[in-house]
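To start, the structure itself, in structure tokens.
Just so you know, these numbers come straight off a predicted model, no measurement behind them. First the proteins, then the strands, lettered A, B, ... as listed; each starts at 1. The analysis underlying the following values was restricted to heavy atoms, covering all of them including side chains, and did not include hydrogens, waters or symmetry mates.
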Amino acid sequence: MPWKGEKDAYRIWLSEIILQQTRVGQGLDYYNRFITHYPSIADLAAAPDDAVMKLWEGLGYYSRCRNLMATARYIVAHHNGQFPDNYEDIISLKGVGPYTAAAIASFGFNRPHAVVDGNVYRVLSRVFGIDTPTDSTEGKKQFAELAQQLLDPKIPGEYNQAIMDFGATVCKPQSPLCGNCIFHDICVARKQNLIDQLPVKTKKLSIRARYFNYFLIQKGGKMLIRQRREKDIWQDLYEFPLLESDAVAIGKKPAAFLEKELGMRKNSFQITQTSSCFIRQLTHQTIKAVFFHVQLDETATVPHLGFSWVSQDELKKLAFPRLLRDYLEREVGIKSK
DNA sequence: AAACCGGGGTG
DNA sequence: CACCCAGGTTT
């Protein structure tokens, strides 16, 4: 991992933001691409939104990318391009919470702040036999205090790295290596046979189904797109004209949508192709999508506010949700790279 | 305190 | 399928 032992706060920050709720194997390529494109925080701050979001495309949790841009620009504007070197200033940055602030402060500036991530929750809950839910306010406070108490303030960076590595390689979520564990004889969870019960989480997420009907409208080699500006999934990413419905089958609504919502003239278009249902499982939503290919005739008039026509080359430079990027590549033959 | 925010890997 | 991932922000 290129960020291990890294002392450049910009690189530490970038790697930590990328790794939020993201596995190392998934984030590694993204990290390398960002460092290549934007070697310094000033480079990142100067980059256009669309270019940065394109580099983030497919990684998910896109607010991380928006906060990344905002923070880079803030540091250039207000900290002379120098990353703040203390916990309080660091945690005040957008997109930086307790974990990330402790990681940057300890790795980059040798400050004595203990990290508490999923690994730490797991190790501490098992070794000490703590069943307070880690997703409760009380649990967060309790584990943070314990972690801070255990931290070796002389070597905070090494300590933080060690406990997270230990959680990732020995005290794993499933099938932990208790036989080789240095805490074998003192681990409360192991002694009481509670390894599979700890850590405790209370909140069970509910997954809702959503039905997206996308319209692929092409004309003269260009496609009609829009940017998602609402506070919803995929904010600031691009998509095609969309009709969301309550169920998979939307009957005769496609034509009505094109006329009413897009202002297209009746009988000036044809739906030439309807895809099968594509399913994308997100953490808290199941997206079921159908794609309608629309053929326009000579008299067709197309909207309008909020939409724009883009060529394939322009489209490739914009960030689309994975679902749409996959459909473009598999069914339309447009490859992103 | 609870809801919301992606995508992928693993067993 | 359930669970988890070097979490954070908004309501």
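- Here Asn160(A) lies out of heavy-atom contact (under 4.0 Å) with every strand.
- Between Arg280(A) and Asp326(A) there is a salt bridge, with a side-chain nitrogen of the basic residue lying less than 4.0 Å from a carboxylate oxygen of the acidic one.
- As rounded to whole Å, 10 Å separates atom P of dC4(C) from atom CG of Asp135(A).
- No side-chain heavy atom of Ile75(A) sits less than 4.5 Å from a side-chain heavy atom of Gln82(A).
- Gly58(A) comes within 4.0 angstrom of the backbone, heavy atoms only, and of no base.
- Counting only heavy atoms from C-beta outward, the side chains of Val290(A) and Phe278(A) never approach each other to under 4.5 Å.
- Residue Gln285(A) places at least one side-chain N or O closer than 4.0 Å to OP1 or OP2 of dC5(B).
- Leu237(A) and Leu242(A) fall within a single hydrophobic cluster, where Ile, Leu, Val, Met, Phe, Trp and Tyr are joined by side-chain heavy atoms under 4.5 Å apart, directly or via other members.
- Tyr74(A) has its ring centre less than 6.0 Å from the ring centre of His79(A).
- Leu323(A) places its CG atom 11 Å from the P atom of dG8(B), with the value rounded to the nearest Å.
- Put simply, the side chain of Ser175(A) and the base of dG11(B) share no donor and acceptor less than 3.5 Å apart.
- Taking atom CG on Leu282(A) and atom P on dC4(B), their separation rounds to 13 Å, with Å as the unit.
- Between dA6(C) and dT10(B), the distance separating the two P atoms is 12 Å to the nearest Å.
- Closest-nucleotide positions on DNA chain B for Ser136(A) and Gly60(A) were compared, and the one nearer the 5' end corresponds to Ser136(A).
- Among the atoms of the strands shown, none is found under 4.0 Å from any heavy atom of Ile17(A).
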Enumerate, atom names and distances included, each donor-acceptor pair closer than 3.5 Å involving a side-chain atom of residues 153-160 of chain A, sequence neighbours excluded.
unit_1	atom_1	unit_2	atom_2	d
Asn160(A)	OD1	Val115(A)	N	3.1
Asn160(A)	ND2	Ser106(A)	OG	3.0
Asn160(A)	ND2	His113(A)	O	2.9
Asn160(A)	ND2	Pro156(A)	O	3.3

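- Counting to the nearest Å, the P atom of dA3(B) and the CG atom of Asp232(A) are 17 Å from each other.
- Taking atom C1' in both dC5(B) and dC5(C), one finds a spacing of 14 Å when rounded to whole Å.
- Residues Phe240(A) and Phe212(A) place their aromatic rings such that the two centres sit no closer than 6.0 Å.
- Going from atom CD1 of Ile207(A) over to atom C1' of dC4(C) covers 13 Å, rounded to whole Å.
- Where Lys201(A) and Gln281(A) each meet DNA chain C at their nearest nucleotide, the meeting point lying more 5' is that of Gln281(A).
- Rounded to the nearest Å, the gap between the C1' atom of dC4(C) and that of dG6(B) is 14 Å.
- Ring-to-base geometry places His284(A) in a stacked arrangement with dC5(B) (centre distance under 5.5 Å, plane angle under 30°).
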**Message:** Output one letter per nucleotide in nucleotides 6-11 of chain C: B when a protein non-hydrogen atom lies under 4.0 Å from the base, S when only the sugar-phosphate is that close, - when neither is.
**Reply:** BBSSSS
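- Counting to the nearest Å, the C1' atom of dC4(C) and the NZ atom of Lys172(A) are 13 Å from each other.
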